Amino acid sequence: MQNLLHKLNPEQLAAVTLPPQSALILAGAGSGKTRVLTTRIAWLIQTGQVGPSGIMAVTFTNKAAKEMLTRLSAMLPVNTRGMWIGTFHGLCNRLLRSHYRDAALPQAFQILDTQDQLSMIKRLLKANNVDDEKYPAKDLLYFINNAKDQGLRAQDVEAHEPITRKFVELYELYDQQCQREGVVDFAELLLRTYELLSRNQPLRHHYQTRFRHILVDEFQDTNDLQYKLLKLLAGYGEGQGGALFAVGDDDQSIYAFRGANVGNMSAFERDFKVTNLIKLEQNYRSHGHILDSANYLISYNRNRLGKNLRTDAGQGEQVRVYESSSDLEEAQWIIEEAKSLMADGTPRNEIAILYRSNAQSRVIEHALFAAGMPYTVYGGLRYFQRAEVKHAIAYLQLMDNPHNDSAFLRVVNFPTRGIGARSIELLQNAAEQYGISLYAAVPYMTGKAGSALGAFVKLVEGARFETQNLPLPEMVRVVLERSTLLTHYATEKEGADRIENLEQLVDAAAQFVQEEGFGQQAPAHLGPQAAAVAGEQIVTEDGVAILDADAPLATVMSPLSAFLSHASLEAGDAQAQAGQEALQLMTVHSAKGLEFDAVFITGMEEGLFPHESSSREADGVDEERRLMYVAITRARRRLYMSFTQQRMLHGQTRFNMKSRFFDELPEESLKWLSPRVQGNWFANRKSTTAWDDAEFRNGGVDNKIAKQITQKSGHSSGWRIGESVAHAKFGEGVIVNIEGGAGAARAQINFGAAGMKVLDLSVAKLERL
DNA sequence: TCTTCCTAGGTTTTT
DNA sequence: CCTAGGAAGA
């Protein structure tokens, strides 16, 4: 233990060894945040201040939770099982499974992912004859999640306009429908837990007393409901409960769009009268010029808690800035630079190419592919979100809870078995009439539709009966076969990958069973005995003794139920990996938390980064600036920034100005690789750079653009499209279009913040930049 | 019921 | 430009 503390710097040590009071740790990028969190836990246990069961540590992603567990078990000889380390959703799921009765849920409740939730909302709109032009399903989804993220039920939402009133009404219906089906969405997991604990004093008291130390990672990303839940657990206003140890970085708050509220940091400071505020400002990742850039840039944000990163690593190299003529050339340049980095010994997977939005990756991918350079794109569909896997899961969901209508509709006619839209409509009417699930309504159906539906129900029942005593992986195997999913995809042209994914589901089940400790025993026997060993008893208000949620999930629910919630809560990896060394392509958002030797920040143009839609929201540009801060601080030794004069976006060529963020970076830390090219830059570039690449010249699309550029490059007025200019009143701009002949030419110029102007070139005094 | 055509819409993402 | 989802035809 002493060894562990020995490795810490004074700030980290202070944070790790704080007294058991609420504390806020402002942890800058690369300052050893995870180390502090894990060492704090280890220190608390090692010094006997708390047992493993008194610890709760909350993260946002499964990856972060896993990382914490791994590091902890390396530090501590203690079994980490007693500790509650997980995501908000995972921990709430655990609580709700154990206290399902008090939470008014079926024990085998199922979790809707966003896709399921949307399809359920669409169904709801249809069933209630709501005009989905006026009330789009997506808007309602957003409305409901937003309300829940703030801890509000339908009745709590203030509605002033008719549209909001309608949404509130539908929100209420949606919740009722979820309850009938025995399903909960992601936000509901948290809201239900919050309500359960607020309402149930003995339960609340039990957990308040139990968790002496609650540690929260990425606190700046918490939404209102999450903060409320934490307050409740920490006994805010009740004078009991454990110490809240919050770690976060307000400068890295980039998730406001999904409900995160940075304000929670200062609210926490105020609410809990935090006297222990520690800043971790020593950075162990990046060289000086990179940190200087980050510090300088972020200082343009208002309302910061305030912090400045420093390093012992020396100044290192300047940030290299490159202006290219087009997005195609930008991609070529990246390839050339990446090649030379690799020639100098930088491993391929230590080079990251970042962009603001996913649409930007295509051009880069295209160029990388043509150049034969291996790359990996992050993001995209996760394993459990793939259509074929979701189908298989839907069969399993129906066996576990037949009233899940989403699951029913997904597979009732997949693979096709002659149940068409008309049959479904009749069935939905019947279900509506009796207020029951689709599955339960099947017996009311007659005729051809009735027999086809009846056969489907028999299929599900048969699978359930046949597998009830089988271990989970076997169960999955049987379902894959009985559902005829495998044979169905075998007949499809592109079915091979899908079949492979389906077979992986058996492995996933096997791995799950092993990791979660679900033995071969049938869960039914486990109840009472397991109760005797696991967890404490809580006596509720009505005098009933119940077990706290410490028991392994295996004692509370069937392996199947557990596996299904695992599939919803942990969507699995997004493809990629490929194992081998590859360049890393991803959005700036997904780069958060990662680090690389060399980083390219591409597309640094007004409208892209900062994104144009950010200017519409209050503090939108501040959030973009934080995003840029995150991007910069990913780099260890070398950082590139690039922007381009013209870029193809949504099928249109756009001419953007360079990002305003260049004006917010310290000049002495930047190294401009490309002087601005005057006059006919296309002709200039052609011979000097990788432009005369045969691939580029012969490529269809590329060639078209090249022609276009050549045509446009020299207007008789002496100006050219794409050229950067300055105007006394409007400032810097980019020429987007030129009309008219030499004497009477007018130019359309994008002045960014000052807007789009059309100026007469013979009158306006423009300066070349 | 399956195919093909057409149109709308296109920051950022985890659970 | 590209993709997904809905609507009309085979």
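Quick note on labels: first sequence line is chain A, next is B, and so on, each numbered from 1. Note that the structure is predicted; figures quoted are calculated from it, not measured.
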Enquirer: Atom CD of A:E617 and atom P of B:dT12: how far apart are they, to the nearest Å?
Expert: 13 Å
Enquirer: NA contact type, A:Y255, heavy-atom cut-off 4.0 Å: base, sugar-phosphate, or nothing?
Expert: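 Since only primed, P, OP1 and OP2 atoms lie under 4.0 Å of A:Y255, the category is sugar-phosphate.
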Enquirer: Over all strands shown, is A:Q226 touching base, sugar-phosphate only, or nothing at heavy-atom distances under 4.0 angstrom?
Expert: nothing
Enquirer: Has A:T587 got a side-chain N or O lying under 4.0 Å from the OP1 or OP2 atom of B:dT13?
Expert: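 Answer yes for this pair, as a side-chain N or O of A:T587 is under 4.0 Å from OP1 or OP2.
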Enquirer: Checking all strands, does A:E188 fall into the base, sugar-phosphate, or nothing category for heavy-atom contacts under 4.0 angstrom?
Expert: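 Since no nucleic acid heavy atom lies under 4.0 Å of A:E188, the category is nothing.
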Enquirer: Between B:dT15 atom P and A:L229 atom CG, what is the distance in whole Å?
Expert: 17 Å
Enquirer: For B:dT14, take OP1 and OP2 only and decide whether either is under 4.0 Å from a side-chain N or O of A:R382.
Expert: yes
Enquirer: Please determine, by modelled atom types, if A:S119 and A:R410 share a side-chain donor-acceptor pair under 3.5 angstrom.
Expert: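 No, no side-chain donor-acceptor pair sits under 3.5 Å.
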Enquirer: Syn if the chi torsion is within 90° of 0, anti otherwise; quick check, which is B:dT11?
Expert: syn
Enquirer: Considering only side-chain heavy atoms of A:R362, which listed nucleotide, C:dC2, B:dT15, B:dT13, is closest?
Expert: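 The answer is C:dC2, which lies nearest to the side chain.
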Enquirer: Find the distance A:Q652:CD to C:dC1:P and express it as a whole number of Å.
Expert: 11 Å
Enquirer: Planes under 30° and centres closer than 5.5 Å, is that true for A:F88 with the base of B:dT15?
Expert: no
Enquirer: Considering only heavy atoms from C-beta outward, does the side chain of A:H589 approach that of A:F257 to under 4.5 Å?
Expert: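 Yes, at least one pair of side-chain atoms sits under 4.5 Å.
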Enquirer: Which whole number of Å gives the distance between the C1' atom of C:dG6 and that of B:dT11?
Expert: 25 Å
Enquirer: Could you check whether A:Q117 and A:D113, counting side-chain N and O atoms only, form a donor-acceptor pair closer than 3.5 Å?
Expert: no
Enquirer: So A:N62, base contact, sugar-phosphate only, or nothing? Heavy-atom distance under 4.0 Å.
Expert: sugar-phosphate
Enquirer: Kindly point out which of C:dC1, B:dT11, B:dT15 is positioned nearest to the side chain of A:M648?
Expert: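 Ranking C:dC1, B:dT11, B:dT15 by closest atom to the A:M648 side chain puts C:dC1 first.
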Enquirer: With distance as the sole criterion, is a donor-acceptor pair present between the side chains of A:Q252 and A:Y629 under 3.5 Å?
Expert: no
Enquirer: Please work out whether the ring planes of A:F414 and A:Y489 are parallel, tilted or perpendicular, with thresholds of 30° and 60°.
Expert: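 Plane angle between 30° and 60°, so tilted.
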Enquirer: Over all strands shown, is A:S568 touching base, sugar-phosphate only, or nothing at heavy-atom distances under 4.0 angstrom?
Expert: nothing
Enquirer: Just how far, in rounded Å, is P of B:dT11 from CE of A:M628?
Expert: 18 Å
Enquirer: Is it the case that B:dT14 (base atoms only) and A:T87 (side chain only) share a donor and an acceptor within less than 3.5 Å, ignoring hydrogens and angles?
Expert: no
Enquirer: By nearest atom, which of the nucleotides B:dT13, B:dT11, B:dT15 is closest to the A:F186 side chain?
Expert: B:dT15
Enquirer: DNA chain B: A:E624 or A:A421, which has the more 5' nearest nucleotide?
Expert: A:A421
Enquirer: Using the C1' atom in both, what is the distance from C:dG5 to B:dT12, to the nearest Å?
Expert: 23 Å
Enquirer: Using the rule for Phe, Tyr, His and the six-membered ring of Trp, do A:H611 and B:dT11 stack at under 5.5 Å and under 30°?
Expert: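 Yes.
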Enquirer: Output yes when a side-chain donor or acceptor of A:S614 lies under 3.5 Å from a complementary backbone atom of A:P610, and no otherwise.
Expert: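 Checking the backbone N and O of A:P610 against the side chain of A:S614, no donor-acceptor pair under 3.5 Å is found.
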Enquirer: Check every strand shown and say whether A:D185 touches a base, only sugar-phosphate, or nothing at a heavy-atom separation below 4.0 Å.
Expert: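 Answer is nothing: A:D185 stays at 4.0 Å or more from every strand.
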Enquirer: Under 3.5 Å, is there a donor on one side chain and an acceptor on the other for A:N261 and A:D224?
Expert: yes
Enquirer: Is a donor from one side chain sitting under 3.5 angstrom from an acceptor on the other, for A:S568 and A:S565?
Expert: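 A:S565 and A:S568 do not have a side-chain donor-acceptor pair below 3.5 Å.
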Enquirer: Grab the CD-P distance between A:Q115 and C:dG5 for me, whole Å please.
Expert: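 Checked: the CD to P distance equals 9 Å.
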Enquirer: Might you point out which heavy atoms bring A:D217 and A:M68 nearest each other, and give the distance in Å?
Expert: CB-CE, 4.5 Å
Enquirer: Any donor-acceptor pair under 3.5 Å linking the side-chain atoms of A:E388 with those of A:N501?
Expert: yes
Enquirer: Could you write out each protein N or O paired with an N or O of nucleotides 2-8 of chain B at a distance under 3.5 Å?
Expert:
{"residue": "B:dC2", "atom": "OP1", "partner": "A:T416", "partner atom": "OG1", "Å": "3.1"}

Enquirer: Please give the distance between the C1' atoms of B:dT14 and C:dT3 as a whole number of Å.
Expert: 23 Å
Enquirer: Students often get this wrong, so: under 4.0 angstrom with heavy atoms, is A:F60 touching a base, only sugar-phosphate, or nothing?
Expert: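 It contacts sugar-phosphate atoms only.
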Enquirer: Round to the nearest Å and state the distance from A:L328 atom CG to C:dC1 atom P.
Expert: 13 Å
Enquirer: Can you work out whether A:A571 or A:N358 has the more 5'-proximal nearest nucleotide on DNA chain B?
Expert: A:N358
Enquirer: When we call it a touch if two heavy atoms are under 4.0 Å apart, what does A:I419 touch: a base, just sugar-phosphate, or nothing?
Expert: sugar-phosphate
Enquirer: Send over the distance from A:K148 NZ to B:dT15 P, rounded to a whole Å.
Expert: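 Those two atoms, NZ and P, are 19 Å apart.
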Enquirer: Separation of A:D116 atom CG from B:dT15 atom P, in whole Å?
Expert: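 Checked: the CG to P distance equals 16 Å.
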Enquirer: Closest approach to the side chain of A:L569, judged atom by atom: which nucleotide of C:dC1, B:dT15, B:dT14 is it?
Expert: B:dT15
